[in-house]
**Q** 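I have a structure I would like to understand better, so I am pasting it below and will then ask my questions one at a time.
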Amino acid sequence: MSRLPELPGHSLVYSGKVRELYAPIDPSTGVARQDQLLLVASDRISAYDYILDSEIPDKGKVLTQLSLWWFEQLTDIIPNQVISAGPPEVPDAVAGRAVLVQRLEMVPVECIGRAYLTGSGLAEYRQSSSVCGVPLPAGLSDGSLLPSPIFTPSTKAPIGEHDQPMTFAEVEAQIGMPLAARVRDLTIAILGRGNEIAAARGILLADTKVEFGLDRSRPDADGNPTVVLADEVLTPDSSRFWPADRWQPGRAQDSYDKQFVRDWLTSSVSGWDRSSGDAPPALPDDIIEATRAKYIEAFESLTGRVFA
Ligand code: Q0Z
């Protein structure tokens with residue numbers, strides 16, 4: 001359904017696992033604009049590194065609206081890419097799940113902030129007692145609250161390859177000290193603001209990946225290009241959301257949004273063997289509906305708005 005990437009008046013730039021990127025075509029010249037992008041979120045969902053055959057109705061809208069709300073909560077920390085989230089810039093065909101943004105020169109580093117230890121950060125900690133060169137105290141386990149949030153950047157690997165952790169010194173060597181320090185501090189500030197807001201709503205943000213872009217047409221007082229918040233921010237696709245009332249360090253945490261999907265896929269009733277290499281089966285309707293309800297619940301609890 002939202003699989004066909006044909007969008008009148010737009011040229012497809014990139015089709016990702018769960019989103020598409022378009023360039024608007026200038027009607028006066030018939031040429032794709034170089035200064036803008038339309039980011040379109042689909043209803044596709046991934047689990048265990050597979051894109052599932054089943055879609056979650058309204059997932060693209062919920063995540064787009066949540067990201068837009070977060071951009072507003074963060075404007076005192078950082079300016080954002082958003083030009084318009086409504087008509088006529090956003091076509092009716094993708095209403096609610098697309099945003100027209102300023103095309104930026106992307107900072108070529110995956111900026112990850114972690115408030116809790118899990119995933120690849122935990123694996124690295126178990127090997128080295130540190131993550132991305134940041135030393136950590138002994139005795140931490142899966143899901144532990146970190147003494148303070150840490151910046152754990154990674155390389156932007158080519159599609160299909162896995163990102164590699166980087167030290168701060170490597171980020172500095174790649175993009176320079178002033179920008180490296182700026183994206184580190186911004187990443188930590190964004191995660192901090194996110195957790196301040198989410199904690200009051202029963203959600204923990206374990207970690208997050210943020211993307212920054214440079215606006216070279218907007219030099220700051222020191223002559224450096226303005227750093228702008230890009231892509232999506234603090235959504236369940238870019239961050240680990242955990243239900244606070246079930247947080248229990250020492251075990252894998254429940255996922256706020258995908259727990260029903262994971263539990264069903266790995267239960268005997270799905271008939272799927274994760275280690276078989278086979279693609280997972282389509283989800284039953286009740287799992288799809290329960291998962292849709294979790295995305296909407298996250299949106300409504302965080303924003304205090306009704307999802308419409
Ligand atoms: C985002 C992505 C996808 C959505 C490039 N403001 C920007 N300027 C330049 N580039 C980007 C952005 Cl957000 C950009 N992505 C990731 C892929 C759909 C976002 F398929 N890649």
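Just follow the structure's listing: the first ligand is 1, and inside any ligand the first atom is 1. Just so it is clear, the structure is predicted and the values come from calculations on it, not from any experiment. Excluded from the calculations below are hydrogen atoms, water molecules and symmetry mates; all remaining heavy atoms, backbone and side chain alike, are included.
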**Q** More than 12 heavy atoms of other residues, nucleotides or ligands under 6.0 Å from NZ of Lys294: is that the case?
**A**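 Counting other residues, nucleotides and ligands, NZ of Lys294 exceeds 12 neighbours.
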**Q** Does any donor atom in the side chain of Arg19 or Thr64 lie under 3.5 Å from an acceptor atom in the other side chain?
**A** no
**Q** Return yes when atom OH of Tyr125 has more than 12 non-hydrogen atoms of other residues, nucleotides or ligands closer than 6.0 Å, and no otherwise.
**A**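 Result for OH/Tyr125: enclosed.
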**Q** Kindly say whether Arg33 contributes a backbone atom to a donor-acceptor pair with the side chain of Asp26 at under 3.5 angstrom?
**A**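 Flag not set: sc Asp26 to bb Arg33 has no pair under 3.5 Å.
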**Q** Kindly assign one of parallel, tilted or perpendicular to the pair Trp247 and Tyr116, based on the angle between their ring planes and the thresholds 30° and 60°.
**A** perpendicular
**Q** Checking Thr118 against Asp142: is there a side-chain donor and acceptor pair closer than 3.5 Å?
**A** yes
**Q** Quick check on ligand 1: any N or O pairs to the protein under 3.5 Å? One line per pair.
**A**
{"unit_1": "ligand 1", "atom_1": "6 (N)", "unit_2": "Gln81", "atom_2": "OE1", "d": "3.0"}
{"unit_1": "ligand 1", "atom_1": "6 (N)", "unit_2": "Gln102", "atom_2": "O", "d": "2.9"}
{"unit_1": "ligand 1", "atom_1": "8 (N)", "unit_2": "Leu104", "atom_2": "N", "d": "2.9"}

